[in-house]
Protein chains: 2
Amino acid sequence: MARTPPTKPRKNALQARSRATVDALVEATARILVREGFEKASTNRIAEIAGVSVGSLYQYFPSKEALVAAVIDRHNEEIMGLVRTALTEVADLPIDKAARKLVRVAIEAHRIDPKLHRVLAEQIPRTGQLKDVEAFNREVQTLVRTYLESRRKEMRKIDLAVATFVCVSSIEAVAHNTVLNGPEMLSEKMVRTLVDETTRMVVGYLR
Amino acid sequence: MARTPPTKPRKNALQARSRATVDALVEATARILVREGFEKASTNRIAEIAGVSVGSLYQYFPSKEALVAAVIDRHNEEIMGLVRTALTEVADLPIDKAARKLVRVAIEAHRIDPKLHRVLAEQIPRTGQLKDVEAFNREVQTLVRTYLESRRKEMRKIDLAVATFVCVSSIEAVAHNTVLNGPEMLSEKMVRTLVDETTRMVVGYLR
DNA sequence: AGGAAAAGCGAGCGAATGCTCGCATTATAC
DNA sequence: GTATAATGCGAGCATTCGCTCGCTTTTCCT
């Protein structure tokens with residue numbers, strides 16, 4: 001059927017120019033989302049802001065949804081980067097030290113780009129991207145659970161799956177709500193208090 | 001400028017017929033949201049499902065957003081009903097009994113209409129309705145905080161505002177995630193476990 | 001019964017949006 | 001230099017959607 005094209009696909013084709021185009025498009029999408037909201041983020045406008053034509057846009061992103069998904073992925077990857085390194089750093093620490101670090105990281109992760117985070121949380125209809133977000137959630141659960149397994153001796157008898165679920169949900173919610181409540185809750189003093197309290201709750205619960 | 005219209009507004013005008021129309025519209029909106037998702041919920045379609053004309057729709061709801069807001073309000077009111085009565089029932093109970101009841105109610109509240117809850121949480125861009133949702137959140141915080149104040153002697157020294165924030169966020173998150181994770185997490189056994197664990201965490205934290 | 005106000009109707013307007021397609025420009029290979 | 005593939009362009013199509021407006025039907029009051 002599909003015979004091999006007589007001319008091999010170009011080698012480093014997807015580079016210099018096109019890579020820049022893709023980046024510009026994702027960046028423009030994020031900018032518009034933050035500055036004007038989801039409703040204003042039409043494909044035409046995104047292309048305009050990116051300094052790219054709509055046609056080119058559709059060469060790299062099959063739909064508007066794909067563009068938004070790319071922004072979400074980029075943001076999630078930033079967050080997951082923090083979380084992953086924190087969890088490896090913490091692997092050999094006792095629960096109380098580890099919990100404190102993880103809580104702190106959770107808040108910091110949500111602070112990476114609060115405005116974008118807010119838009120993604122509040123304005124983007126999660127349609128199809130759900131799978132991606134769920135994947136991130138599952139990864140976090142798995143990582144935390146693995147850590148907890150390695151520290152079982154410090155803990156009381158407890159169903160690890162349930163404990164992980166409760167702890168991760170709680171920490172994530174505190175971080176999330178803190179950031180969404182606006183800058184007034186993000187003073188250094190307040191953050192420290194919240195880290196203290198959340199850590200205390202989680203550690204007290206686990207052992 | 002605007003002189004009083006020579007004919008006074010009718011007395012019990014907004015009744016029998018029109019009340020039914022309004023109800024049909026809100027109900028139809030909720031049905032479409034649950035069964036077909038937010039994207040399919042056009043005003044034309046809502047009117048069609050409600051067995052009402054678009055014209056009539058716009059006599060009672062100035063915009064599509066208003067319709068969705070009505071659905072959200074109705075749902076939130078159901079939830080707040082449960083929460084309010086639970087909190088009055090609990091007013092004279094010690095913290096451990098109270099916490100258990102509140103955690104249970106939180107999960108039950110989210111279970112009222114899980115599919116609708118999911119759509120509202122995942123698909124509806126919160127634009128403008130934010131104020132309403134925030135109002136509900138604040139009410140819950142206030143009610144819980146008032147309860148905790150009355151039980152301060154059972155608790156350790158602690159900033160009540162922070163404690164309330166952490167506890168409410170956590171309980172809400174566990175309930176929310178439990179329901180969103182689908183029916184498999186809603187077995188009676190699982191719910192009981194989750195209530196036990198969350199209660200334990202919160203109570204241990206408060207005292 | 002008669003009339004007036006309330007309620008309801010639904011074709012269709014205007015605007016916006018996602019996306020296509022035929023063509024132009026630029027980079028690469030020989 | 002020339003052929004070929006990659007990249008970029010943007011006017012405009014097709015569709016959808018929120019919403020209006022002129023009109024009809026129902027309800028209520030006297």
Side-chain angles (χ1 to χ4, degrees), chain A residues 2-26 28-29 32-33 36-71 123-125 127-129, chain B residues 4-26 28-29 32-33 36-71 123-125 127-129:
Chain A
R3 74 184 158 91
T4 317
T7 58
K8 298 172 173 181
R10 196 73 83 70
K11 271 216 272 203
N12 40 2
L14 237 225
Q15 246 146 57
R17 263 209 304 176
S18 55
R19 179 85 169 84
T21 300
V22 169
D23 279 358
L25 284 168
V26 176
T29 306
I32 297 179
L33 286 179
E36 314 185 33
F38 180 71
E39 294 185 340
K40 294 296 179 70
S42 69
T43 50
N44 287 322
R45 184 145 179 72
I46 291 171
E48 180 193 329
I49 298 292
V52 157
S53 81
V54 220
S56 299
L57 185 157
Y58 278 95
Q59 301 235 332
Y60 301 105
F61 298 94
S63 71
K64 178 188 173 176
E65 203 192 341
L67 255 172
V68 176
V71 173
Q123 288 188 38
I124 310 286
T127 306
Q129 293 123 10
Chain B
T4 315
T7 57
K8 298 174 176 182
R10 194 73 82 74
K11 269 215 267 202
N12 41 0
L14 239 224
Q15 247 142 58
R17 260 209 307 176
S18 55
R19 180 83 170 85
T21 301
V22 169
D23 279 357
L25 285 167
V26 176
T29 306
I32 296 179
L33 286 179
E36 315 186 32
F38 180 71
E39 294 186 338
K40 294 296 180 70
S42 71
T43 50
N44 288 321
R45 183 145 181 71
I46 291 170
E48 179 194 330
I49 297 293
V52 157
S53 80
V54 220
S56 298
L57 183 157
Y58 277 93
Q59 301 237 331
Y60 301 105
F61 297 94
S63 70
K64 178 188 172 176
E65 204 191 339
L67 254 172
V68 176
V71 173
Q123 290 187 38
I124 310 286
T127 307
Q129 294 123 10

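No contact: A:F61 has no heavy atom under 4.0 Å from any strand.
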Under the side chain to side chain contact (heavy atoms under 4.5 Å, CB included) rule, what do A:Y58 and A:T43 come out as? Steps first, then yes or no, please.
CA-CA 9 Å; A:Y58 278 95; A:T43 50; 3.2 Å; yes
A:I124 vs A:V71, test: side chain to side chain contact (heavy atoms under 4.5 Å, CB included). Steps then yes/no.
CA-CA 11 Å; A:I124 310 286; A:V71 173; over 6 Å; no
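One interatomic measurement links the two molecules: OH of B:Y60 to C1' of C:dC9, which rounds to 12 Å at whole-angstrom precision. Rounded to a whole Å, the CD1 atom of A:I46 is 12 Å from the C1' atom of C:dT17. Here the C1' atom of nucleotide C:dC19 and the CG atom of A:L67 are 13 Å apart, to the nearest Å. Look at CD on B:E39: it is 9 Å from P on D:dC17, rounded to the nearest Å. Taking atom CG of B:D23 as the reference point, atom C1' of C:dA7 lies 15 Å away to the nearest angstrom. Atom pair B:E48:CD and D:dC17:C1' shows a separation of 14 Å (rounding to whole Å applied). Note: CZ (A:F38) to P (C:dT17) measures 11 Å, nearest angstrom.
Comparing B:T21 and A:A41 by the nucleotide of DNA chain C that holds the closest heavy atom to each, the one mapping nearer the 5' end is B:T21.
In this structure, A:S53 reaches the D:dC9 phosphate: one of its side-chain N or O atoms is under 4.0 Å from OP1 or OP2.
Rounded to the nearest 0.5 Å, atoms CD (B:E39) and CD1 (B:I32) are 13.5 Å apart. Rounded to the nearest 0.5 Å, atoms OG (A:S42) and CD1 (A:I46) are 6.5 Å apart.
When the nucleotides C:dT17, D:dC17, D:dT7 are ranked by their closest atom to the side chain of A:R17, D:dT7 comes out on top.
Residue B:A41 comes nearest to B:L33 through the heavy atom pair CB-CD2, 4.0 Å, listed as atom of the first residue, atom of the second, then distance.
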Please list each protein N or O that sits under 3.5 Å from an N or O in nucleotides 19-23 of chain D, with the distance.
from: D:dC19; atom 1: OP2; to: B:Y58; atom 2: OH; distance (Å): 2.6
from: D:dC19; atom 1: OP2; to: B:K64; atom 2: N; distance (Å): 3.0
from: D:dC19; atom 1: O5'; to: B:Y58; atom 2: OH; distance (Å): 3.4
from: D:dC19; atom 1: N4; to: B:N44; atom 2: OD1; distance (Å): 2.9

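Residues B:F38 and A:T127 fail the side-chain proximity criterion, which asks for heavy atoms closer than 4.5 Å.
Every side-chain contact (heavy atoms from CB on, under 4.5 Å) that A:A70 has, sequence neighbours left out, goes to A:V26, A:F61.
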